[in-house]
Amino acid sequence: MDIINEANDKFKDKQDEICGILLELLGKINELERSVYERDCEMNTRIRKKELSADKIAEYSKNLWSDYREECKKIVEGRCTEKLLKKGYARSFSTTPMYGYIEDADDCRGTFFMETAKKAVVEFRFTNHSTVHFMHRFTLVPSGDTWLVDAFSYGTEKEGVWHRGHI
């Protein structure tokens with residue numbers, strides 16, 4: 001995916017580093033969501049075949065969500081600020097991962113913004129093959145020798161409003 005560099009001239013060279021950190025994080029979250037979705041599908045198949053009792057279904061589901069949250073925690077800790085982590089993570093999964101658009105070069109446009117050394121913003125605009133034009137915005141801040149995701153916002157182009165969200 002191409003990412004347009006709209007940074008101030010003195011920060012243009014930061015795009016690869018910062019976007020690389022963000023895209024690696026989102027890719028790991030996508031991988032985790034896919035594996036959890038596969039496990040959920042396996043459980044649903046076993047339910048349809050009546051291989052699981054109600055107690056086993058509840059236990060399996062509880063363990064699935066517990067494992068999902070624990071694995072996601074391992075991914076996001078140290079890559080996101082505490083401020084963002086307090087908003088939550090690993091709240092849902094589906095057939096298409098939350099950040100699946102990063103893998104679709106034809107459907108996603110990225111833009112990198114940086115005007116000061118204290119903050120960088122990466123925006124993605126995509127449709128997920130629908131008629132709605134979605135927007136995701138990630139704000140990253142420096143922390144030691146790396147960058148952490150500090151905020152996530154989402155919206156639609158039609159609405160034109162950014163809503164604060166969780167990673």
Check your understanding: Aromatic rings H163 and Y154: how do their planes relate, parallel, tilted or perpendicular, breaks at 30° and 60°?
Key ->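 The arrangement is tilted - the two ring planes meet at 30° to 60°.
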Point to revise | Verdict with supporting geometry, I167 and K87, side chain to side chain contact (heavy atoms under 4.5 Å, CB included) | key: CA-CA 8 Å; I167 189 80; K87 291 186 173 287; over 6 Å; no
Atom of [X], atom of [Y] and distance for their closest heavy-atom approach:
{"X": "C72", "Y": "A90", "answer": "CB-CB, 3.7 Å"}
{"X": "E17", "Y": "D145", "answer": "OE2-O, 4.5 Å"}
{"X": "E6", "Y": "T111", "answer": "CG-CG2, 3.5 Å"}
{"X": "G27", "Y": "I102", "answer": "N-CD1, 3.8 Å"}
{"X": "M114", "Y": "W147", "answer": "CE-CH2, 3.4 Å"}

Exercise for review: Please identify each residue that fulfils side chain to side chain donor-acceptor pair (under 3.5 Å) with E42, with sequence neighbours left out.
Suggested key: none
Practice item. Sequence neighbours left out, what passes side chain to side chain donor-acceptor pair (under 3.5 Å) with R34? Give chain and number order. Key: E103
Point to revise | Donor-acceptor side-chain pairing of H136 and Y101 below 3.5 angstrom | key: yes
Point to revise | Distance-only donor-acceptor check, side chains N8 and E115, under 3.5 Å | key: no
Measuring only between side-chain heavy atoms, which start at C-beta, is [X] closer than 4.5 Å to [Y]?
{"X": "K158", "Y": "H133", "result": "no"}
{"X": "L148", "Y": "C80", "result": "no"}
{"X": "F112", "Y": "I18", "result": "yes"}
{"X": "K118", "Y": "V141", "result": "no"}
{"X": "I3", "Y": "Q15", "result": "yes"}
{"X": "L32", "Y": "I75", "result": "yes"}
{"X": "L84", "Y": "D150", "result": "no"}
{"X": "E24", "Y": "R79", "result": "yes"}

With rounding to the nearest 0.5 Å, note down the distance linking [atom1] in [X] to [atom2] in [Y].
{"X": "L64", "Y": "D40", "atom1": "CG", "atom2": "CG", "result": "5.5 Å"}
{"X": "E59", "Y": "S66", "atom1": "CD", "atom2": "OG", "result": "11.5 Å"}
{"X": "D107", "Y": "M1", "atom1": "CG", "atom2": "CE", "result": "10.5 Å"}
{"X": "E157", "Y": "T127", "atom1": "CD", "atom2": "OG1", "result": "9.5 Å"}
{"X": "I57", "Y": "K62", "atom1": "CD1", "atom2": "NZ", "result": "15.5 Å"}
{"X": "E38", "Y": "E33", "atom1": "CD", "atom2": "CD", "result": "12.5 Å"}

Review point. Taking atom NZ of K10 as the centre, does the number of heavy atoms from other residues, nucleotides or ligands within less than 6.0 Å exceed 12?
Key: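 At most 12 heavy atoms, drawn from other residues, nucleotides or ligands, come within 6.0 Å of this atom.
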Applying the 4.5 Å side-chain criterion to the ILVMFWY set and letting contacts propagate, would [X] and [Y] be lumped into a single cluster?
{"X": "V121", "Y": "V149", "answer": "no"}
{"X": "L23", "Y": "M98", "answer": "yes"}
{"X": "F134", "Y": "I4", "answer": "no"}
{"X": "F126", "Y": "F113", "answer": "no"}

Practice item. In plain terms, say whether R109 and D2 are close enough for a salt bridge, that is, a side-chain N and a carboxylate O under 4.0 Å apart. Key: no
Check your understanding: Any Lys/Arg nitrogen of E123 or R125 sitting under 4.0 Å from an Asp/Glu carboxylate oxygen of the other?
Key -> yes
Practice item. State which residue, out of Y89, F124, F138, W162, fulfils the ring pair (Phe, Tyr, Trp, His ring centres under 6.0 Å) condition with F152. Key: F138
Review point. Among pairs that include at least one residue of residues 25-72, which meet ring pair (Phe, Tyr, Trp, His ring centres under 6.0 Å), considering only residues two or more places apart or in two chains?
Key: W65-Y68, W65-F93, Y68-F93
**Study point:** Verdict with supporting geometry, T156 and E159, side chain to side chain contact (heavy atoms under 4.5 Å, CB included)
**Key:** CA-CA 5 Å; T156 64; E159 184 181 33; 3.1 Å; yes
